[in-house]
Amino acid sequence: MLEKTFQPLEIEEKHYKEWEDSGVFACAPESDAVPYCIMMPPPNVTGSLHMGHALNTTLQDILVRYSRMNGKDTLWQPGTDHAGIATQMVVERQLDEKGVHRRDLGREAFLDKVWEWKEQSGGTIVNQLRRLGATPDWDRERFTMDEGLSKAVLKVFVQLYKEGLIYKDKRLVNWDPKFHTAISDLEVESKETKGHMWHIKYPIDGEEGRFITVATTRPETMLGDTAVAVHADDERYKALIGKSVRLPIADRLIPIVADEHADPEQGSGAVKITPAHDFNDFEVGRRHDLPMINVLDIDAKMNENVPEAYQGLDRFDARKKILEELEELGLLEKVDDHVLAVPYGDRSGVVIEPFLTDQWYVDTPTLAKPAIEAVRSGKTTFHPKQYENMYFAWLENQLPWCISRQLWWGHQIPAWYDEDGNVYVEESEEAAQAAAGEGVKLTRDEDVLDTWFSSALWPFSTLGWPEADKDDIVKRYYPGNVLVTGFDIITFWVSRMMMMGIHFMDEVPFKDVYIHALVRDSKGQKMSKSKGNVIDPLELIGKYGTDALRFTLTAMAAQGRDVLLSEERVEGYRNFSTKLWNAARYCEMNDCKPVSDFDPNAVSYGLNQWIIGATLQAKTAIEKAVETYRFNEAASAIYQFTWGMFCDWYLEFSKPLLWEDNKDDALKAETRATTGWVLDQILTLLNPFMPFITEELYASMAERGGDRLLASSWPEYDESLLKQEAMDEADWLIRVISEIRSVRADMNVPAGAKIDLLVKEAGAQTEERLKKYNEILCRMARLENISLTDDTPKGAIQAVLDEATLILPIADIIDLDKERARLQKQIDKLNKDIKQIDQKLANEKFLANAPEEVIAEQRTRKSDAEDVINKLSNALKQLEDAA
RNA sequence: GGGCGGUUAGCUCAGCGGUAGAGCACUUGCUCGACACGCAAGGGGUCACUGGUUCAAUCCCAGUACCGCCCACCA
């Protein structure tokens, strides 16, 4: 006997272990089955499970479970990402606590420490994914720094270099002064900050007392100024073009140049040009062939290129000192308040400096073109479609991608330099040596690659590319069917996988991209540790069970929207699992179980035919929703069917059939078998969404033996299961009963005054139909506290009628005025409806243009309304009489 | 500054050219033989505003107002 409530925690671990041991997660490359492949976005190895992972993983798990049930050879490729900066940071911090700095350890020893850390703690997230019931092919788990994946990185780098698509260049990069590395544009977060705009007077050389005023938000960079730019058409400054100014403090002569970058409308119209510390100025500097003076060191302190008094000062201290000195010199014209966007490193949280260095770049503008084309031509489709705009917008405005990082943890760049500075890019040191010539002393580039470089190769590197003996696997599972991910990494990851996939595999990496929303808290705030509003998925799992969390996330995963998670919602779906549990308990108590030779098509009783047909409809709705990635609709369909149909109506209707007073044993057996069959179907249909409870209930059905639901197949039904007559009758019955209940409840009496009218309507139906539903009416009568003594159909109805009539003189029970007003209100509303319909039906244009069925519908609505008005009027009259 | 999205019940959200939907919350009545994590009934909406297209607009188009997000070098 099942307990009264479902205890998820007791069984989740057990079932997960059984599943994993059974080997069903594994793909079967040798099989004849159609392959289906999803690449799991590899979580950071440093990560721990958050709601985003929970949502992402749940949706993928639904897809792969569904795919397996449909007999496909399913590969869900799991793994983790080495997460360059994040991981190095974690290990460095640990070392710091022991008073050790990585530079003291040296590269080799430090990397050993990182690997050590990875072995010990790197598995956290992967085990947390198991708690979610995720079923990826764990045997194939990969890590972006695995040997095989590293080989792929080498090959890709070398090939792109030889094709001229990777190159080294001296440009401005976003420099992180804390981590001492370049970072990509995407890793920079700009924050609005209140600052100041300083207007500084630069003395014009040779013209005592004349100045040109420049405006800046960053006065400290003036020490690196190499020009002042004005617009060629700016009347104020036209005459000054070609002259020089004497740069204060630094005491250098710099030219005044004409450049369109100077906007006469902005500031003073004259701009100081600091090519080594500003992206715009860098471009201006290139146009005018200006010297580039770097005034900062890697810590963003002033370097040896500034006057001695400033050397070694932090940039912000230098700013103060510069301003003081300018003030003293009387060169500070004015200060305005100004709001500006200040760049911060998304990992380090410190202000990023544009910094002039040598870095490696990928020619993304070139690689982007086919990636754009692939989406335009529909080779890859985004769901929802609007995210394609984001994808295009980003790829179309590509700047070269800076891929080198001054870190140790990551894929070291396969470039070697000889003593003359010549570079040799090869897959191994031997190959580089061969290229350089014997005896040439080579040193390897110290830098490593951006962590997203290896992630970009994930869809094929995990399959074994470029190893020749893995060709079959690559061919079988590439391209994948769908990528499931959040919109925040379309730029970081999706577009780069597209570029690399197309370039190296000649084919897009996935056919569909399903973009799900970000999970936010119930107030719509992004969950973040600093806000303290993080809801820990594991906590919710502990409280409500994995199934409840999974179902909540699924039900809320509408396309293109943020997912606002509230605990109440999870509780609601936990209640759903309890409901299902108790339905199964009912089945157990009434000995309703699947019968092996049960043929749903051979069922004779209308009620049973109806629920079988409804099962088919639910199944169709669910699969349509899953296949179009409308997860919330799928969840809603199975929820509605299970609770709203099966439990609320079918089980209630069928109860009298199973009771002792029903002597029809054949009917009893059929009803038991049908009930068991439907429960079995529900468990199967619900399994991808709520794997644990369905598995547990499935196992609890004794006949199952060692079967596992996970390995069973998605139901296939014959369309002929849908018996229209039975469906219509059930609809009718549900409507009538609802109406009877409504009337009763409205009048707040044991049986309503108007109940007779409704029962009369029931009586007007065919004798046959009444006979069929006699038992149900008995059941109804019981629920409605009406005693039925005669067991003939007519007698039953008559008894209800008598009962109703008995209670007719009820003036002392109900509030007549209130009831009268209520009825009148309903009548008025219906009259208004009818008036509207009449207007429509009188409209010639409507009659001429509207489709037949719409017109017919309006007519039906009108006559229905008229009928109801009649009934209501009668009831009103009876009320008066009774009074 | 550019782009994208949102505005539907008290809350969180579905929906969609032709009778406004769900869950939660709320009100009322129920220990009736699966389930109070339950059952039954009920209240509550000019579908942001203004125009346009249409026989018909919550839905399509344009504009307005708020609210988000992304991108951007405004010194």
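The chains referred to below are lettered A, B, ... by the order of the sequence lines, with proteins before strands, and numbering in each begins at 1.
When every heavy atom of Ser700(A) is checked against every heavy atom of Leu697(A), the shortest pair comes out as OG-O, 2.6 Å. Residues Asp281(A) and Asp278(A) approach most closely at N-OD1, 3.1 Å, considering heavy atoms.
Among the protein residues, Cys587(A) comes within range of no part of the nucleic acid, since none of its heavy atoms lies under 4.0 Å from any strand. At a threshold of 4.0 angstrom between heavy atoms, the contacts of Pro354(A) with the nucleic acid are absent. Among the atoms of the strands shown, none is found under 4.0 Å from any heavy atom of Ala393(A). Contacts of Trp198(A) with the nucleic acid, taken as non-hydrogen atoms under 4.0 Å apart, are absent. Using a 4.0 Å heavy-atom cutoff across all strands shown, Glu283(A) reaches no nucleic acid atom at all.
The nucleotide rC26(B) finds its pairing partner in rG42(B), both defining distances of the Watson-Crick or G-U wobble pair being shorter than 3.5 Å.
Relative orientation of the Tyr639(A) and Phe576(A) rings is tilted, given thresholds of 30° and 60° on the angle between their planes.
Between the side chain of Gln836(A) and the base of rA56(B), no donor-acceptor pair under 3.5 Å is found. For Arg585(A) against rC35(B), a side-chain-to-base donor-acceptor contact under 3.5 Å is absent. Remark: the Lys579(A) side chain and the rC35(B) base include a donor-acceptor N/O pair separated by less than 3.5 Å.
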